[in-house]
Amino acid sequence: MEDVRTVRIDWYPPEPSTGAKSIVAIGTFDGVHLGHQAILRSARRLAERLEARAVALTFDPHPRLVVAPDAPPPLLLTPLSDRVALLREYGAEAVAVLGFDREVAALEPETFVSSVLCARLQCSGVVAGFNFTFGRDRSGTAATLREIGEKLGLVTEIVPPVQLQGQAVSSSLIRQLVERGEVEGAGQLLGRPYRVAGEVVRGEGRGRQLGYPTANIRPDPAQQLPGDGVYLALLDQMPALAVVSTRPTFGPGARWLEVHVVEGSPSLYGRRSGVEFLRFLRPIRRFSGVDDLVAQIGVDRERALEYFASATEKRPRLLQGGSV
Ligand SMILES: Cc1cc2nc3c(=O)[nH]c(=O)nc-3n(C[C@H](O)[C@H](O)[C@H](O)COP(=O)(O)O)c2cc1C
Ligand SMILES: Nc1ncnc2c1ncn2[C@@H]1O[C@H](COP(=O)(O)OP(=O)(O)O)[C@@H](O)[C@H]1O
């Protein structure tokens with residue numbers, strides 16, 4: 001397919017202002033981590049210099065789902081709506097979401113740049129990460145992008161890898177940390193706590209009987225959940241304990257995310273709530289009886305109260321959504 005007029009592009013906000021030239025920050029951007037944030041900052045700076053608009057171009061579904069359909073699907077750090085919001089928060093004035101399919105994946109690199117970037121996005125400059133690949137068989141690399149861009153008169157910037165404590169920041173590294181329950185490390189690479197959002201649904205009412213009601217959150221099934229464990233967390237900014245488990249004490253079932261707000265009794269059913277994971281507290285255990293479980297939850301709650309008392313003292317912005 002060399003006619004790209006039919007390639008689907010959704011804009012956020014919906015109507016791009018017509019005629020304005022754009023500087024396009026391009027990538028899958030899952031996680032919108034420190035490396036992605038550096039790309040967005042470069043695009044914003046370039047846009048200001050060239051009096052253009054900073055646009056983030058991202059792909060949905062995740063390209064790996066399309067190019068490797070038989071492999072297990074990658075679990076996302078940021079479902080699309082979160083990703084779009086974060087791209088805007090970190091500097092994109094508009095976000096363009098390219099409907100990624102086999103035809104887009106098969107475009108020649110030159111066609112992608114001239115027809116998608118230049119014709120559809122009115123691009124006058126492009127910014128990508130050092131390891132960006134695109135086009136047929138991922139034959140386009142950052143170097144190819146620079147080469148084609150220069151031929152077409154585009155300003156091109158390639159952002160080198162961002163490192164933290166000697167490690168290159170990457171979505172797959174963050175995914176591994178989240179999966180292992182290392183949410184603090186993941187948060188450092190993201191530049192903010194790892195967040196999972198979803199609707200609060202009714203459970204079996206057991207939590208309330210135990211004296212510790214828990215809001216059951218139903219996340220997007222395509223999002224990576226932290227590994228099983230009890231975590232210090234914020235639920236819509238409220239200090240909380242988040243539990244990821246199969247509830248082994250009551251006979252293992254499906255994996256759930258549930259959250260106990262440590263002070264107060266907010267009414268949460270039906271609401272869309274966000275859980276920010278701050279720190280791993282302990283692994284899940286199978287208790288021999290309900291009394292032991294309740295005693296342990298009491299200890300967990302004490303530790304949470306202590307943590308939040310000292311954290312808010314040291315970092316007053318904690319409860320206003322400041323990074324921890
Ligand atoms: C802070 C906290 C820690 C918990 N830890 C465990 C645990 O280690 N093992 C376990 O089987 N259940 C644990 N639970 C209990 C269950 O996950 C769950 O809260 C209880 O079964 C209530 O379920 P319900 O939502 O159906 O009412 C914990 C609950 C809380 C609030
Ligand atoms: N401190 C609290 N933390 C979490 N949820 C609370 C809290 N206080 C009240 N709730 C409410 O109680 C509900 C959970 O009660 P629970 O008995 O565990 O119910 P169920 O398992 O049936 O959802 C939550 O969805 C929320 O609306």
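In each ligand, atom 1 is the first atom listed, and ligand 1 is the first ligand listed. Residue indices begin at 1 and follow the sequence shown.
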Colleague: Taking non-hydrogen atoms within less than 4.0 Å of ligand 1, which protein residues qualify?
Modeller: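 Those residues closer than 4.0 Å to ligand 1 by some heavy atom are Glu204, Gly205, Arg206, Gly207, Thr214, Asn216, Val230, Leu241, Val243, Ser245, Arg247, Pro248, Thr249, Phe250, Glu258, His260, Arg282, Ile284, Arg285, Phe287, Leu293, Ile297, Asp300.
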Colleague: Can Lys21 and Glu51 be counted as an ion pair, charged N to O under 4.0 angstrom?
Modeller: no
Colleague: With a 4.0 angstrom cut-off on heavy atoms, strictly below it, pick out the residues next to ligand 2 and order them by chain and number.
Modeller: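 Residue list for ligand 2: Val200, Val201, Arg202, Gly203, Glu204, Gly205, Gly207, Arg208, Pro213, Thr214, Ala215, Asn216, Val259, His260, Val261, Gly264, Ser265, Pro266, Ser267, Leu268, Tyr269.
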Colleague: Test side chain to side chain contact (heavy atoms under 4.5 Å, CB included) on Val97 and Phe59; report intermediate values, then the result.
Modeller: CA-CA 6 Å; Val97 180; Phe59 309 108; over 6 Å; no
Colleague: Is the centre of the Phe130 ring less than 6.0 Å from the centre of the Phe132 ring?
Modeller: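 Phe130 vs Phe132: aromatic centres not under 6.0 Å.
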Colleague: Please check if atom CZ in Arg286 has more than 12 non-hydrogen atoms from other residues, nucleotides or ligands closer than 6.0 Å.
Modeller: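 Counting other residues, nucleotides and ligands, CZ of Arg286 stays at 12 neighbours or fewer.
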Colleague: What I want to find out is whether Asp30 reaches Arg175 closely enough, with some N-O distance under 4.0 Å, to be called a salt bridge.
Modeller: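 Yes, Asp30 and Arg175 are salt-bridged.
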Colleague: Going by an N to O cut-off under 4.0 Å, is there a salt bridge joining Arg8 and Asp101?
Modeller: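 Answer for the salt bridge query: no.
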Colleague: Considering only distance and modelled atom types, tabulate donor-acceptor pairs under 3.5 Å from the side chains of residues 196-210, sequence neighbours left out.
Modeller:
{"residue": "Glu199", "atom": "OE1", "partner": "Arg218", "partner atom": "NH2", "Å": "3.4"}
{"residue": "Glu204", "atom": "OE1", "partner": "Arg206", "partner atom": "NH2", "Å": "2.3"}

Colleague: With a 4.0 Å cut-off, would you call Glu276 and Arg195 a salt bridge?
Modeller: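 Here Glu276 does not pair with Arg195 in a salt bridge, since their nearest N and O are not under 4.0 Å apart.
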Colleague: Just grab all the ring pair (Phe, Tyr, Trp, His ring centres under 6.0 Å) pairs involving residues 66-90, residues at least two apart or on different chains.
Modeller: none
